[in-house]
Asker: 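Before anything else, here's the structure in question.
The sequence lines fix the lettering, A, B, ..., with proteins before strands; numbering per chain opens at 1.
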Amino acid sequence: MVLCSCEQLTYQYPEAEQPALQNIQVKIEEGEFVLLLGASGSGKSTFLRALNGLVPRFYGGTISGNVMFAGKELHTLSQREVVRSLALLNQDPERQILLDTVERELVFAMENIGLPWTEMRSRLAEISHLFGLGDWLHRATYTLSGGEKQRLALASLLTLYPRVVLLDEPTSQLDPVHAEAVLHVLRRLNEEWGLTVLMSEHRVDRCFHLADRILFFDQGRVAYDGSPRGFIQLAADSVPEWQNYLPPITRHFLKPSGGQREHVPITVKEARAQSNTAEQREPAETASTAAQTRAPLLVLEHGTAGYEKGRDVLHQLSYTIGAGERIALLGENGAGKSTLAKVLAGAVPLRQGTLSWEGHAIHANQSLMHGRIGYLSQNPSDYFLYETVEQELTFALGNPGKADWTLAALLDVTGLSLYRDRHPHDLSGGERQRLALGILLAASPELLILDEPTRGLDQRQKDKLNHLLHQLPGVKSTVVITHDVEFALAYANRVTILYQGQIASDGSPDAVFQHSFSFMPQLYKWRRRPETS
Amino acid sequence: MKSEAERNVWQIAHPAIVVLHLATQLLFAFLWELHPLFLCGQLVLIAVWAKQEGAFAQLRPFFAMTLLFGFAYLCLNTLVLHEGRTYLWKGPILPYLGRLDATVEELSYSLCGVIRLVILLLVSQLFQRLVDHDRFFFLFAEAAPRFVTTALLSIRLVPFLQHEYRRIRETAKLRGLEPQRANGLGQVRYSWLLLRPLLHSALEGAWLTAETLYARGFGSGKRSSYQRMALRPREKTGVLLLLLPFAFALYAKGLGVGQFAFFPLFSWPDPLGDLFGLGCFLLLSIVPIIWFRRGEEM
């Protein structure tokens with residue numbers, strides 16, 4: 001049965017130059033799991049918002065064509081009718097939690113649609129069981145981790161018992177463990193409840209195999225609508241750039257050296273079944289080699305740190321960053337990655353321990369840190385103080401620049417020459433990231449620390465970022481905090497995993513990835529042999 | 001806001017009762033008018049209560065402001081009033097205001113006003129500390145659901161902006177933008193610079209929050225309420241105990257307790273009687289507080 005459909009749907013945001021969606025013609029069957037793929041800005045999020053009426057009811061703009069739900073035109077349904085049937089989950093867990101305790105958050109949507117108390121009580125119990133929230137009900141929402149918040153936001157939406165759930169990159173800010181937990185719930189809901197799921201996602205390694213169908217968006221149009229196998233076939237035969245949207249294991253098998261191209265695997269299990277001898281999996285084509293021992297740049301010894309009067313986030317942690325290292329810092333949400341980065345950058349003072357730069361002891365707030373260490377936070381917009389890209393970079397060059405860079409060179413290296421007159425907030429996510437990076441580069445740092453720079457970036461943007469990080473002049477070493485193990489594999493020559501404020505694993509990507517199941521890229525999972533004790 | 005385990009005994013109780021406790025104290029601050037003995041007694045009572053509840057730490061930032069404001073009030077009120085006979089200073093005659101002067105009576109009267117101001121400050125801090133705001137607002141959820149939700153979200157806006165500002169400031173500091181020596185103008189210029197990212201961040205945040213509200217059906221029609229708060233038997237007894245000091249205060253006032261005049265000269269007809277009355281009143285005021293605390297702790 002067709003549940004949702006779009007007929008000749010075209011939509012343009014207010015004051016936008018081009019339509020975000022053009023002539024969309026799609027039918028969604030009840031119970032389908034549909035994966036939305038495409039580059040950033042290709043129209044995936046707008047499509048999801050069009051399906052639940054946020055576009056144009058909330059955003060304004062002009063719309064033509066029709067969106068139907070359960071045989072009725074969406075615009076004839078009231079907000080309440082739409083909300084009860086079509087739930088939307090955004091990527092940012094922080095901004096979706098509205099109230100202060102888990103229980104209040106869970107009942108909020110039910111209260112809004114006026115459910116009677118007994119019904120609310122019953123649904124609260126059901127959803128609480130499903131998500132295992134029984135012990136959390138009286139917890140303050142601010143104490144939850146990012147992954148927990150995202151699960152709570154999803155649970156809160158599901159209390160409405162919707163027929164369709166629309167998810168806009170729901171795992172982009174989650175570590176692999178929590179992302180798996182969210183996807184596991186979605187899979188259960190789809191398989192056992194028959195819930196229709198439409199999900200846009202850039203990190204497809206975890207969810208490609210869940211999809212019954214792929215919708216590929218390109219510049220506001222649906223360029224592909226069909227089965228995952230059909231998508232792989234097209235990517236293999238005629239549209240090679242679509243391979244960027246395939247799981248790494250599939251991409252590997254599509255390479256000329258990868259083996260057969262007939263029934264290409266989309267999961268590690270399928271890949272193992274196809275090449276079930278260790279020898280077949282042997283070609284250790286790792287993207288990086290181990291970092292060689294180099295002169296230490298920044299040394300943290302027995303560092304203990306935390307925030308204000310809170311508990312210690314880092315405990316007696318010793319860590320050395322050498323010249324020439326490209327470090328990927330991994331760990332679950334709340335493991336202390338950002339705190340370590342801020343300690344290294346001088347934003348969070350040490351409670352115990354010492355920090356030294358090339359053998360000279362340094363302290364937080366010391367001016368020594370500013371020029372030498374560049375820290376890119378998770379919010380690139382925090383760096384934007386002026387009206388245009390050019391003004392931002394000009395200001396950065398004068399404060400406290402070392403004259404190693406010119407404006408033209410910065411625009412060139414960040415690939416923003418064409419956008420020099422744009423307002424920073426009009427740039428895409430990847431462009432904002434590069435502008436913030438350009439601002440940092442203006443101070444000619446020797447060590448760059450980037451906190452989750454791949455968040456919300458599509459594969460092509462990640463490749464660009466990776467390329468940029470490999471060729472930054474004057475930068476001796478880079479540290480990237482990320483949840484994206486595939487990016488870490490492509491970028492790093494050293495991988496560190498943090499666990500509860502301490503280093504759980506540290507070494508070359510090969511050494512670390514081979515033994516970390518939670519943070520293991522797909523190719524390593526495929527090559528992994530069961531350990532014999 | 002804190003989790004259930006972190007909440008104090010008052011935050012777990014019915015919010016109406018807690019508000020009633022505080023409202024009673026507010027009422028008493030005005031019931032005796034500006035009687036120095038009663039105001040001082042009440043100040044001691046509330047200060048001890050606030051200390052007991054650990055509210056002093058949060059009070060510190062407000063104290064400097066209150067003292068400043070209190071001092072300004074003390075000076076202005078004394079100068080502007082034209083009462084009392086025991087002159088400390090006689091100043092010039094100004095148009096509209098008349099003669100500026102200061103008398104012992106005016107000064108004392110103004111000082112009592114400052115004490116009352118401190119009592120109000122302490123009560124408002126106790127409200128912050130003891131009342132679970134969400135639960136208090138939920139009392140009106142049935143009658144004014146949209147107002148309640150909007151009010152709760154507005155309350156969240158302040159800590160949200162504080163958090164955003166802290167993060168933006170940290171970024172600027174790491175870029176070396178923070179002035180090394182904080183002179184007034186440099187600090188203003190620096191804060192102005194950070195205003196733009198804060199504004200953008202707040203707007204984006206508000207937009208996303210509004211979208212989430214819409215997507216969760218907020219404003220889609222009549223709401224229902226999950227929160228049901230009924231008075232427990234012990235809390236009902238507590239309300240009756242609260243009536244004791246109130247009834248005593250009215251009775252004592254009827255008997256002429258708490259008479260004090262500042263002008264034209266100090267007049268205090270029965271200091272001993274007032275002292276005894278204050279003792280009884282404080283004792284009766286403490287009873288419901290102790291009853292309440294013990295009941296919740298058990």
Asker: Check this for me: does any side-chain nitrogen of one of A:Glu105 and B:Arg216 sit under 4.0 Å from a carboxylate oxygen of the other?
Answerer: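 Counted as a salt bridge, because a side-chain N and a carboxylate O are separated by less than 4.0 Å.
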
Asker: Under the 3.5 angstrom rule, does the side chain of B:Glu170 hit a backbone N or O of A:Ala347 as a donor-acceptor pair?
Answerer: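 Here the side-chain-to-backbone pair does not exist.
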
Asker: How long is the straight-line distance from CD1 of B:Ile168 back to CZ of A:Phe384, given to the nearest 0.5 Å?
Answerer: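 A:Phe384 CZ to B:Ile168 CD1: 12.0 Å, rounded to 0.5 Å.
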
Asker: Are any side-chain N or O atoms of A:Asp382 and backbone N or O atoms of B:Thr171, one a donor and one an acceptor, separated by less than 3.5 Å?
Answerer: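 No: the side chain of A:Asp382 does not pair with the backbone of B:Thr171.
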
Asker: Around atom OH of A:Tyr307, are there more than 12 heavy atoms from other residues, nucleotides or ligands closer than 6.0 Å?
Answerer: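 Yes.
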
Asker: Measure A:Leu376 against the heavy atoms of chain B and call it side chain, backbone, both or neither at under 4.5 Å.
Answerer: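 Neither part, no heavy atoms under 4.5 Å.
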
Asker: Look at B:Gly217, B:Ala210, B:Gly219 and state which one has the largest set of heavy-atom pairs under 4.5 Å with chain A.
Answerer: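 That would be B:Gly217.
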
Asker: Which heavy atom in A:Arg80 sits nearest to a heavy atom in B:Ser220, and how many Å separate them?
Answerer: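 Closest approach of A:Arg80 to B:Ser220, heavy atoms only: NE-OG, 3.1 Å.
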
Asker: With only heavy atoms counted, which part of A:Glu81 is less than 4.5 Å from chain B, the side chain, the backbone, both or neither?
Answerer: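 Nothing of A:Glu81, per the 4.5 Å heavy-atom cut-off to chain B.
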
Asker: Given heavy-atom pairs under 4.5 angstrom as the criterion, report whether the side chain, backbone, both or neither of A:Leu124 touches chain B.
Answerer: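 For A:Leu124, the side chain is the part near chain B, not the backbone.
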
Asker: Salt bridge or not between B:Glu204 and A:Arg432? Use side-chain N to carboxylate O under 4.0 Å.
Answerer: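 Salt bridge present between B:Glu204 and A:Arg432.
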
Asker: Specify which of A:Leu157, A:Leu98, A:Leu88, A:Val82 makes the most heavy-atom pairs with chain B at under 4.5 Å.
Answerer: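 If we count pairs closer than 4.5 Å to chain B, A:Leu98 comes out on top.
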
Asker: Say whether, by atom type as modelled, one donor and one acceptor occur between the side chain of A:Arg104 and the main chain of B:Tyr226 under 3.5 angstrom.
Answerer: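 The answer is no, because no donor-acceptor pair under 3.5 Å joins these two groups.
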
Asker: Which of the residues B:Phe218, B:Tyr214, B:Trp207 is involved in the greatest number of heavy-atom pairs with chain A at under 4.5 angstrom?
Answerer: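 Max contact count across the listed options: B:Tyr214.
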
Asker: What's the spacing between A:Ile373 CD1 and B:Leu174 CG if we round to 0.5 Å?
Answerer: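 Nearest 0.5 Å value for the CD1-CG distance: 9.5 Å.
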
Asker: Under 4.5 Å, counting heavy-atom pairs only, tell me which of A:Leu54, A:Thr141, A:Leu385, A:Leu99 racks up the most with chain B.
Answerer: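 Top count of heavy-atom pairs under 4.5 Å with chain B: A:Leu385.
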
Asker: To the nearest 0.5 angstrom, please state how far the CZ atom of A:Phe108 sits from the CZ atom of B:Arg223.
Answerer: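 That separation rounds to 5.5 Å.
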
Asker: At a 4.5 Å cut-off on heavy atoms, which part of A:Arg121 comes close to chain B: side chain, backbone, both, or neither?
Answerer: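 For A:Arg121, heavy atoms of backbone and side chain both lie under 4.5 Å from chain B.
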
Asker: Does a donor on one side chain and an acceptor on the other come within less than 3.5 Å for A:Asn379 and B:Glu164?
Answerer: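 Short answer, no.
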
Asker: Which atoms of A:Ser78 are under 4.5 Å from chain B, going by heavy atoms: the side chain, the backbone, both sets, or neither?
Answerer: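 The answer is neither part of A:Ser78.
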
Asker: Non-hydrogen atoms of chain B under 4.5 Å away: do they reach the side chain of A:Tyr375, the backbone, both or neither?
Answerer: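 When you check distances to chain B, only side chain atoms of A:Tyr375 fall under 4.5 Å.
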
Asker: Where does the angle between the aromatic ring planes of B:His200 and A:His425 fall among parallel (under 30°), tilted (30 to 60°) and perpendicular (over 60°)?
Answerer: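 Judged by the thresholds at 30° and 60°, the geometry between B:His200 and A:His425 is parallel.
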
Asker: For the atom pair CD1 (A:Ile113) and NZ (B:Lys222), what is the distance rounded to the nearest 0.5 Å?
Answerer: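 A:Ile113 atom CD1 to B:Lys222 atom NZ measures 14.0 Å (nearest 0.5 Å).
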
Asker: Answer with side chain, backbone, both or neither: which region of A:Ala87 has an atom nearer than 4.5 Å to a non-hydrogen atom of chain B?
Answerer: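 When you check distances to chain B, no heavy atom of A:Ala87 falls under 4.5 Å.
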
Asker: Any chance you could measure B:Ser224, atom OG, to A:Met120, atom CE, to the nearest 0.5 Å?
Answerer: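 Atom-to-atom, B:Ser224:OG and A:Met120:CE are 3.5 Å apart.
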
Asker: Can you tell me which portion of A:Ser156 sits under 4.5 Å from chain B's heavy atoms? Options are side chain, backbone, both or neither.
Answerer: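 A:Ser156 touches chain B through side-chain heavy atoms alone.
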
Asker: What is the minimum heavy-atom distance between A:Trp117 and B:Ser225, and which atoms define it?
Answerer: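 What the structure gives for the nearest pair is CD1-O, 3.8 Å.
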
Asker: Is it true that, when you exclude B:Phe147 itself, more than 12 heavy atoms of the residues, nucleotides or ligands shown sit nearer than 6.0 Å to its CZ?
Answerer: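 Open.
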
